[in-house]
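Worksheet: the structure to be examined is printed underneath.
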Amino acid sequence: MAKQPKEQEFVQHITPRNVDFSQWYTDVILQTGLVDYAPVRGCMVVKPYGYAIWERIQQEMDARFKATGHENVYMPMLIPESLLLKEAEHVEGFAPEVAWVTQGGTETLQERLAIRPTSETMFCTMYAKWVQSWRDLPMKYNQWCSVMRWEKSTRPFLRTAEFLWQEGHTIHETPEEAQAETLTMLEVYREVSEDILAIPVYCGQKSEKEKFAGARATYSMEAMMQDGKALQSGTTHNFGTNFAEAFGIQYLSREGKLEFVHETSWGTSTRLIGAIIMTHGDERGLRLPPNVAPIQAVVLPIAQHKEGVIEGAKRVADTLAAVGIRVKFDDRDTVSAGWKFNEWELKGVPLRIEVGPRDLAAGQVMAARRDTFEKATLPMEGLADAVRALLDEIQASLFAQAKAFRDERTTVVHNYDELKQAVEGGFALGMWCGDEACEEKVKQELSATSRNMPFDQKPHGDTCCVCGKKADKAMYFAKAY
RNA sequence: CGAGGUGUAGCGCAGUUUGGUAGCGCGUUUGGUUCGGGACCAAAAGGUCGCAGGUUCAAAUCCUGUCACCUCGACCA
C-alpha cells in the first residue's frame with residue numbers, strides 16, 4: 001500500500017489519562033476530529049464527527065421532549081438590554097459574561113442588544129403577550145440554539161464562549177405543575193445520560209448558593225469524570241412566579257382572578273459530549289456507547305485486493321444497515337487494515353467487523369469490541385441479531401464500568417477530615433446543615449463545591465460533615481469543572 | 001483575571017543561554033515492491049520561526065507589546 005490518507009493526525013500518541021488528564025482530553029478531542037480551535041477567542045469549531053454525536057444527542061433528547069408534550073420554537077439571538085434588566089438576580093448573575101451589540105451597520109444603536117446568554121427574558125416577554133386565560137396554559141416550548149457567555153477561561157465542550165444547547169421554557173397554572181415539570185425534565189435528562197450516553201449521574205437539588213440566577217429552586221445531574229471531578233451535565237429550574245412578576249405574565253384563572261404563571265426552564269448543552277469523552281475514553285482514544293455513536297460498527301474488508309472480498313464485506317455491511325444498525329463500510333485502499341484498526345479505535349467506534357477471504361470461505365466474520373478489545377467469530381447466518389446483541393452488551397458494559405468507577409470513588413463522610421480526603425479524586429456524600437458558611441469553607445480550603453442534594457438518600461446521622469452542627473440534608477461535595 | 005510554561009514546514013520537535021546561510025523525524029508528491037494490527041525502497045516538494053513594534057551591519061535568538069494553547073488558582077453550564 002503506497003499511499004497514506006489525509007487523516008494523518010491519527011498516528012500521534014495520546015497522553016495516558018492517568019498522567020495528565022487535561023492533556024489527554026486535548027489530545028483526544030483534536031486527534032479524533034471532534035473539534036478544532038476557532039480564530040475567535042474561546043470559540044470552537046465543531047467538526048463533522050463531533051457534530052454527528054451532537055445530532056445523536058439531539059435526536060434522543062428531542063424525541064423525549066415531544067413525548068412529554070413540548071414543542072420547538074425559535075427566539076431571536078439579540079435581547080434588548082431593558083429586557084435583561086427586568087429580573088434583578090438574573091441580571092446580576094449574567095451581567096459579567098454578556099456580549100453586547102452596540103452598532104448596526106454604521107449607526108450606533110439607541111439601546112444596546114445582548115447576544116443571548118440564555119433566553120428566559122425573551123421567553124417571558126413573549127409569554128406575557130401570549131397568555132390571557134387559564135385555557136392557554138400550560139405552554140411548553142423548547143428551542144435548539146447557541147448562546148454566548150464571555151467566559152474567562154475556556155475548554156472545548158466543557159466551557160466555550162459560544163455553545164450549542166437546548167433550552168426549555170414552560171409556564172403553568174399551579175406551583176405543583178411547575179414543580180412536576182421541573183422534576184420530569186430532570187428525569188428525561190437522567191434517562192438520556194444513563195441509557196443513551198452510558199453516564200451514571202447523581203440527581204438532586206442545588207443549594208441556595210449554587211442555584212441559577214433568578215430561580216427559586218435548581219436541580220442538576222452530576223457526573224463523575226475519570227479524574228474524579230464532577231461535571232454538571234444538565235440543570236432544571238423552578239422559577240415559581242419570580243420572572244412572571246418581573247415580566248407581568250398574568251392570566252385570568254378559573255375563578256376569574258388575575259394570577260401569575262408558574263415557570264420553569266431546563267437546559268443541556270454540547271458539554272454532554274465532553275462528559276462522554278471524559279467518562280468513557282481510554283489510552284487509545286474515545287469509547288462511544290453504541291446508543292450515541294454515529295457509527296456503531298465499522299466493516300473492514302481484509303486483504304481487499306483479493307477477489308470477491310470487497311463484495312463479500314459490502315454484503316455484510318448492507319445486511320447490518322438494512323436492520324437499522326449505523327454502519328460504516330471502510331474499503332479505502334489507501335491505508336492498510338492495521339491503520340484502519342487504530343483509526344477506528346481512536347474514534348471510539350464500538351464494534352469492528354473484519355471480513356477477509358478466510359472468513360468469507362467459512363461463512364463467518366470477526367467482531368472486535370472497542371470496550372474490552374475482545375474478539376469473536378460470528379456466523380454469517382443471523383449476523384444482524386448477533387451484532388445487535390453485542391452492541392447492547394457494549395452499551396451495558398460501558399455503563400457498568402462508569403458506574404463502578406463512580407461508586408468506588410463516592411465516599412460517605414461523617415466529618416471534615418473524611419470530607420477533605422474524599423474530595424481528592426472523588427465525591428463526598430455527607431450530611432450538611434444548610435449553612436452557606438460551610439460551603440464557603442469547603443470551597444476556600446478544599447476547592448470543592450456543593451454539587452446537589454440527593455432526593456433518595458437517607459440521612460447518615462444528623463451532624464454536618466463540615467461544621468458538626470445539626471444537619472437534616474444530604475449533600476454531595478466534589479471538585480468540579 | 002492572577003502565577004508559571006509553550007508557540008519554529010501539515011503534525012511532533014531541536015536550534016534561543018553566547019545574535020551570523022532554517023534543521024530533524026513523521027506525513028505529503030512521484031515511481032516501484034508489499035497487503036489478516038500503524039509496510040518498505042528511491043527521488044522530490046514544503047517554513048516571512050504566533051503576530052506587531054523596537055535594538056543591531058545582522059534577530060528564531062535580545063527588548064516591549066499582543067494573541068493562542070497548557071498547568072495551578074479565582075469565576076461560571
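Just so you know, these numbers use all the heavy atoms, side chains as well, and skip hydrogens, waters and symmetry mates. Letters A, B, ... are given to chains in the order of the sequence lines, protein chains preceding strands, and every chain is numbered from 1.
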Just the rounded figure in Å: distance from P of B/C35 to NZ of A/K340.
16 Å
Atom pair distance, as rounded to whole Å: OH in A/Y481 and P in B/G73:
11 Å
For A/L158, report the nucleic acid contact type (base, sugar-phosphate, nothing); a contact means any heavy atom under 4.0 Å.
base
Round to the nearest Å and state the distance from A/Q31 atom CD to B/G12 atom C1'.
10 Å
What is the nucleic acid contact for A/T449, judged by heavy atoms within less than 4.0 Å: base, sugar-phosphate only, or nothing?
nothing
A/W339 CH2 to B/G36 P, in whole Å, measures 16 Å
When both distances are under 3.5 Å in a Watson-Crick or G-U wobble arrangement, the nucleotide paired with B/U34 is none
Interatomic distance at C1', B/G7 relative to B/G50, whole Å
6 Å
Rounded to whole Å, CD of A/E440 lies from P of B/A74 at a distance of 10 Å
Do the side-chain N or O atoms of A/K375 get closer than 4.0 angstrom to the phosphate oxygens (OP1, OP2) of B/G37?
no
Between B/U34 and B/C41, how many Å separate the two P atoms, rounded to a whole number?
15 Å
Within the 6.0 Å centroid threshold, strictly below: A/F65 and A/Y141:
no
Quick one: label A/R41 by what it contacts on the DNA or RNA (base, sugar-phosphate, nothing), any heavy atom closer than 4.0 Å.
sugar-phosphate
Taking only the C1' atom of each, what is the distance from B/G54 to B/G73 in whole angstrom?
34 Å
What nucleic acid atoms does A/E354 come within less than 4.0 Å of, heavy atoms only: base, sugar-phosphate, or nothing?
base
Aromatic ring proximity, centroids under 6.0 angstrom, A/F239 and A/H262:
no
Using a 4.0 Å heavy-atom cut-off across all strands, classify A/P96 as base, sugar-phosphate, or nothing.
nothing
Under 4.0 angstrom, heavy atoms only, what part of the nucleic acid is A/E345 near: base, sugar-phosphate, or nothing?
base
Rounded to whole Å, the CZ-P distance (A/R352 to B/G37) equals 10 Å
What does B/U48 pair with, Watson-Crick or G-U, if both distances are under 3.5 Å?
none
Under 4.0 angstrom between A/S336 side-chain N/O and B/A39 OP1 or OP2:
yes
Using the P atom in both, what is the distance from B/A68 to B/C51, to the nearest Å?
15 Å
Whole angstrom is fine here: how far is it from CD in A/E92 over to C1' in B/C75?
14 Å
Is there a side-chain polar atom (N or O) of A/Y37 under 4.0 Å from OP1 or OP2 of B/C67?
no
Is the distance from the ring center of A/W100 to that of A/W150 below 6.0 Å?
no
Base, sugar-phosphate alone, or nothing: which one does A/E151 contact when heavy atoms must sit under 4.0 Å apart?
base
Any strand, both distances under 3.5 Å, Watson-Crick or G-U wobble: B/C26 pairs with B/G10
What integer number of Å spans the C1' atoms of B/A59 and B/U8?
14 Å
Could you tell me which residues satisfy side chain to side chain donor-acceptor pair (under 3.5 Å) with A/E60, sequence neighbours excluded, listed by chain and number?
A/R56, A/R64
Who pairs with A/Q444 by side chain to side chain donor-acceptor pair (under 3.5 Å), at least two apart in sequence or on another chain?
A/E440
Short side-chain N/O contact from A/R155 to OP1 or OP2 of B/C70, under 4.0 Å
yes
In whole Å, what is the span from the CD atom of A/Q304 to the P atom of B/U34?
17 Å
Under 4.0 Å, heavy atoms only, any strand: does A/T118 hit a base, just the sugar-phosphate, or nothing?
nothing
Span that lies between the C1' atom of B/A42 and that of B/G20, in whole angstrom:
36 Å
Is it true that the NZ or CZ of A/R149 lies under 6.0 Å from the centre of A/W165's six-membered ring and within 45 degrees of the ring axis?
yes
Distance-only donor-acceptor check, side chains A/Y202 and A/T410, under 3.5 Å
yes
Mate of B/A3 across any strand shown (Watson-Crick or G-U wobble, both atom pairs under 3.5 Å) is B/U71
Using atom P in both nucleotides, what's the gap between B/U48 and B/A43 to the nearest angstrom?
26 Å
Determine the interatomic distance between P on B/C57 and the same-named atom on B/G25; round to the nearest Å.
38 Å
